[in-house]
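See structure below.
A note on names: the letters A, B, ... follow the listed sequences, proteins ahead of strands, and every chain is numbered from 1.
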4 protein chains.
Amino acid sequence: MSNEEPMNRSRRGRRPAGEVRAEVLEATSALLADEGLRAVTFDRVAARCGASKTTIYKWWPSPGALAAESYFSRSEKELVFRDTGDLFTDIRAQLRSFVRLLTEHGGGRVIAELIGAAQSDPDLSAAVSERYTMPRRLLAIDYFERALERGQLLNGVDVNLLVDQLWGACYNRLLIPDAPLDIAFADALLHSTLRGAASAGYRSTLQ
Amino acid sequence: MSNEEPMNRSRRGRRPAGEVRAEVLEATSALLADEGLRAVTFDRVAARCGASKTTIYKWWPSPGALAAESYFSRSEKELVFRDTGDLFTDIRAQLRSFVRLLTEHGGGRVIAELIGAAQSDPDLSAAVSERYTMPRRLLAIDYFERALERGQLLNGVDVNLLVDQLWGACYNRLLIPDAPLDIAFADALLHSTLRGAASAGYRSTLQ
Amino acid sequence: MSNEEPMNRSRRGRRPAGEVRAEVLEATSALLADEGLRAVTFDRVAARCGASKTTIYKWWPSPGALAAESYFSRSEKELVFRDTGDLFTDIRAQLRSFVRLLTEHGGGRVIAELIGAAQSDPDLSAAVSERYTMPRRLLAIDYFERALERGQLLNGVDVNLLVDQLWGACYNRLLIPDAPLDIAFADALLHSTLRGAASAGYRSTLQ
Amino acid sequence: MSNEEPMNRSRRGRRPAGEVRAEVLEATSALLADEGLRAVTFDRVAARCGASKTTIYKWWPSPGALAAESYFSRSEKELVFRDTGDLFTDIRAQLRSFVRLLTEHGGGRVIAELIGAAQSDPDLSAAVSERYTMPRRLLAIDYFERALERGQLLNGVDVNLLVDQLWGACYNRLLIPDAPLDIAFADALLHSTLRGAASAGYRSTLQ
DNA sequence: TACTAACCGAGACGGTACGTCCCGTCTTGAG
DNA sequence: CTCAAGACGGGACGTACCGTCTCGGTTAGTA
């Protein structure tokens with residue numbers, strides 16, 4: 001409760017904007033990791049990092065949007081989509097690492113809470129889309145379009161749809177936990193999907 | 001603001017439980033329809049229907065759970081899954097009506113908000129699963145198992161997975177609106193999925 | 001700053017109303033005496049006595065009104081206006097004790113701040129009038145009317161006006177400190193005023 | 001709310017001090033007239049006239065002091081105290097015009113708020129005294145001293161006290177509105193006071 | 001005339017209070 | 001005597017203001 005470390009500086013006036021932003025994001029990350037999205041309130045973040053609520057309001061429209069930036073700014077480095085030329089192996093690696101992200105290290109809880117809160121917070125919804133889901137969708141689409149050009153996917157396959165079939169199914173098991181989300185699911189999902197979308201040569205390599 | 005219609009009864013004594021429950025659910029439905037899930041708070045529901053918070057706490061563990069019951073109790077009548085024996089047509093009808101439910105009558109917003117809030121509310125999560133998503137998943141699984149027995153699906157197809165590929169992809173477009181959710185998407189999704197899962201005879205009927 | 005003694009009870013629910021009111025008034029009195037009217041804020045009072053802001057808002061419309069009740073409820077016991085039948089002596093005693101109240105014990109500062117804040121706070125203005133100034137005015141008027149009947153005041157003297165000439169002049173020196181407020185002023189004021197208002201017999205006893 | 005007319009100058013450099021001062025005072029007067037003393041904050045004045053808070057802080061110690069200068073600089077021209085040699089008539093004219101100032105053009109509210117705020121703002125208190133109340137007190141004292149020399153007032157009358165009996169009683173009705181402040185009150189007040197202070201000859205002219 | 005240094009106004013900062021809403025708990029009074 | 005009405009403590013929201021301080025554009029002083 002009162003473990004907020006007030007960090008009592010005696011400076012009252014303006015501080016460099018970057019410094020304040022960094023401290024706000026750091027405090028947010030700590031709260032997010034320790035207690036989840038519900039703990040990320042403007043009041044607690046302000047108390048924890050010594051910033052004022054006014055300042056936080058100037059940069060982030062809602063606690064959810066702040067949490068999103070705090071979380072996603074750390075995961076942007078993972079934005080790599082290896083292209084070895086082997087469709088099946090590449091996508092399997094992506095799906096597996098995605099499932100691991102969601103199931104290990106508690107990352108799934110944060111993402112689920114962010115997407116969940118976004119349903120009632122347009123600002124957060126925009127932040128999640130712009131900083132997280134949309135970039136990843138575009139990377140996958142890029143990859144699939146290259147695979148199409150290489151003849152690894154059937155002509156006429158909707159690469160946008162493919163993303164929903166693969167990652168969307170994973171998000172579904174994350175957000176609506178009526179069935180388990182694990183590596184086995186990811187692998188089965190990939191087989192089942194590529195069986196309908198991959199060209200004949202590729203399909204023959206499945207199982 | 002104060003248009004909560006205090007419904008000035010002067011009766012303080014106990015009323016029949018069913019009567020009070022019905023009024024609570026009715027007030028909840030009205031709030032849900034008018035202002036969304038955020039407006040469904042115990043305080044406002046109590047003020048609107050003349051019940052006390054104590055009463056509401058006895059029956060529902062959280063505002064989300066109350067909203068869920070209020071919403072799902074109206075949609076249970078739609079729990080039909082026609083089985084004409086025609087796999088493609090039956091599933092297409094189901095998917096299309098599901099998409100219409102989510103996109104047309106504003107139902108999508110409520111469901112999205114409920115699933116969203118469930119990410120931070122275990123009681124609501126349980127309610128959504130038990131009263132909405134799981135029954136529907138089981139209906140679909142039942143249907144697919146019959147289709148398997150009829151030889152319309154490939155041997156070894158994971159019918160549970162099939163649900164995530166189809167409905168999960170739709171939920172994905174609902175909850176993460178980076179791409180549109182519409183009938184065309186549902187149809188393309190169905191084609192792409194069955195191409196990998198349906199048996200040869202069925203597959204040949206897909207374009 | 002953090003000498004607010006949080007008085008950490010662990011009781012969350014409703015407490016008896018009288019108990020809460022008493023604690024709120026006590027905390028207010030302490031703040032008023034220690035730091036003046038500016039320190040009486042709903043936030044600090046709530047923090048000091050363990051009440052919630054909501055509760056305080058229910059009973060007092062503004063911090064000033066709370067301070068007024070807190071202060072005046074202690075001074076009501078002084079509401080005595082001795083009537084010995086000797087106009088000059090009685091009024092002199094009243095004026096002198098009034099001036100002492102305003103100049104000693106720091107009481108003047110509080111009253112001045114309350115009347116000052118009332119100029120921009122209608123709720124406080126009403127509280128000051130109802131609980132402090134008007135009862136005292138009425139007591140003086142009562143006395144003067146008895147003096148009129150006793151023939152100690154000239155026929156036609158406006159007793160209401162007399163109050164403004166005597167106590168009003170004192171308030172003037174309190175609120176607009178261009179000249180000192182002391183016993184000598186009170187005595188001179190009384191002589192000068194009664195010289196114009198007292199009947200001939202009484203007037204001859206002055207000086 | 002945001003109708004503060006940002007007056008979009010693009011000049012960042014220094015402007016003549018007098019020009020800025022005038023604009024600040026003008027903006028203050030407008031706020032004072034429109035919304036009262038509470039609206040005179042450094043933030044709003046700065047936003048309204050395009051100056052920065054830094055600039056305003058350089059010249060005025062508190063919003064109240066700024067409001068006082070803004071208001072009193074307009075009323076200084078009224079500083080005339082006619083001396084026709086007729087004590088009763090001259091003072092009656094003064095008191096009547098003072099009451100009219102306080103009751104008619106909304107001036108009373110501003111003065112009451114300024115005196116009120118001065119109770120908690122030493123800077124404002126000094127400004128009110130120096131720029132408003134003390135000059136007027138001195139004018140009255142001057143007049144009364146001349147009247148003393150002319151033999152129109154009793155020997156030994158305390159002219160300073162006389163000011164509190166007359167104007168102080170009016171301020172009392174302004175600041176503690178338990179009784180009305182109007183011309184009739186001023187006239188009655190004057191009669192009653194002069195009956196005790198004027199010399200015999202003058203007194204005989206009162207009714 | 002171009003170029004740098006000092007200055008100072010615009011406004012962001014930390015802090016505090018406001019007034020409101022909601023949650024979950026508890027007293028109390030009506031039936 | 002029971003239980004529902006609703007007041008309670010706690011906490012977050014979003015806004016306004018104060019008084020302090022950084023920052024960058026303007027101007028004055030050098031090259």
Side-chain angles (χ1 to χ4, degrees), chain A residues 1 6-17 19-20 38-47 49-59 61-63, chain B residues 1 9-15 20 38-47 50-58 61-63, chain C residues 1 6-17 19-20 38-47 49-59 61-63, chain D residues 1 9-15 20 38-47 50-58 61-63:
Chain A
M1 207 35 69
M7 196 175 285
N8 46 6
R9 283 174 297 90
S10 57
R11 301 164 58 185
R12 284 281 295 272
R14 182 177 178 181
R15 288 190 295 154
E19 181 184 323
V20 177
R38 301 299 287 253
V40 178
T41 69
F42 281 170
D43 275 316
R44 292 193 65 184
V45 170
C49 72
S52 78
K53 284 202 293 177
T54 311
T55 304
I56 303 181
Y57 272 99
K58 283 206 173 159
W59 282 331
S62 68
Chain B
M1 204 39 67
R9 285 176 298 97
S10 57
R11 300 168 57 188
R12 274 283 290 273
R14 184 175 177 182
R15 289 184 297 155
V20 177
R38 300 299 288 255
V40 178
T41 70
F42 281 171
D43 278 310
R44 292 192 64 185
V45 170
S52 89
K53 289 203 295 175
T54 314
T55 307
I56 304 180
Y57 267 99
K58 286 200 175 155
S62 69
Chain C
M1 207 37 66
M7 195 174 285
N8 46 7
R9 284 174 298 88
S10 56
R11 300 164 58 184
R12 284 281 295 273
R14 180 178 179 182
R15 287 190 296 153
E19 181 184 323
V20 177
R38 301 300 288 251
V40 178
T41 69
F42 281 171
D43 275 316
R44 290 193 67 186
V45 170
C49 72
S52 78
K53 283 203 292 177
T54 311
T55 303
I56 303 180
Y57 272 100
K58 284 205 173 159
W59 282 330
S62 68
Chain D
M1 202 41 66
R9 286 175 299 94
S10 57
R11 300 169 56 187
R12 275 283 291 274
R14 183 175 177 182
R15 289 184 296 154
V20 177
R38 301 298 288 254
V40 178
T41 70
F42 281 171
D43 278 309
R44 292 192 65 183
V45 170
S52 88
K53 288 202 294 175
T54 314
T55 307
I56 304 180
Y57 267 98
K58 286 199 176 155
S62 70

Got a second to check how far S52(B)'s OG is from K58(B)'s NZ, nearest 0.5 Å? 8.0 Å
Set of side chain to side chain donor-acceptor pair (under 3.5 Å) partners for T41(B), sequence neighbours left out: none
For the helix from dT1(E)-dA31(F) to dG31(E)-dC1(F), what angle lies between the axis at the first five pairs and the axis at the last five pairs, to 10 degrees? 20°
Whether the side chain of K53(A) and the base of dG15(E) hold a donor-acceptor pair under 3.5 Å is what I'd like checked. no
Atom SG in C49(C), atom CD in E19(C): separation rounded to 0.5 Å? 10.5 Å
Within this structure, what is the CZ-to-C1' distance between R44(A) and dA12(F), rounded to whole angstrom? 11 Å
Nearest heavy atoms of V40(C) and P63(C), plus distance in Å: O-CB, 3.2 Å
Let me confirm one number: the OH-OG distance from Y57(B) to S62(B), rounded to the nearest 0.5 Å. 9.5 Å
With a 3.5 Å cut-off and heavy atoms only, can you find an N or O donor on one side and an acceptor on the other between the side chain of S52(D) and the base of dG9(E)? no
List for me each residue that meets side chain to side chain donor-acceptor pair (under 3.5 Å) alongside T54(B), sequence neighbours excluded, and say none if there are none. none
At 4.0 Å (heavy atoms only), tell me whether Y57(B) reaches a base, stays on the sugar-phosphate, or touches nothing. base
What is the distance, rounded to the nearest whole Å, between atom CH2 of W59(C) and atom C1' of dG9(F)? 13 Å
Looking at the side chain of P63(C), which of dC18(E), dG9(E), dC18(F) is the nearest nucleotide? dC18(E)
Of the candidate nucleotides dA10(E), dA5(F), dC17(F), which contains the atom at the shortest distance from the side chain of T54(A)? dC17(F)
Starting from the 5' end of DNA chain E, give me the residue, R38(C) or T41(B), whose nearest nucleotide shows up first. R38(C)
Could you pick out which residue, A46(C) or S62(D), lies toward the 5' side of DNA chain F when each is mapped onto its nearest nucleotide? A46(C)
Would you indicate, yes or no, if dG14(E) has its OP1 or OP2 atom less than 4.0 angstrom from a side-chain nitrogen or oxygen of T55(A)? yes
Give the rounded distance in Å between these two atoms: CD1 of I56(C) and C1' of dG19(E). 13 Å
How do V20(A) and V40(B) order along DNA chain E: which one's closest nucleotide is nearer the 5' end? V20(A)
Can you tell me if K58(B) touches the phosphate of dA4(F), counting only side-chain N or O atoms and a distance under 4.0 Å to OP1 or OP2? yes
What is the distance, rounded to the nearest whole Å, between atom CZ of F42(C) and atom P of dA17(E)? 13 Å
Tell me the interatomic distance from D43(C), atom CG, to dG10(F), atom C1', rounded to whole angstroms. 13 Å
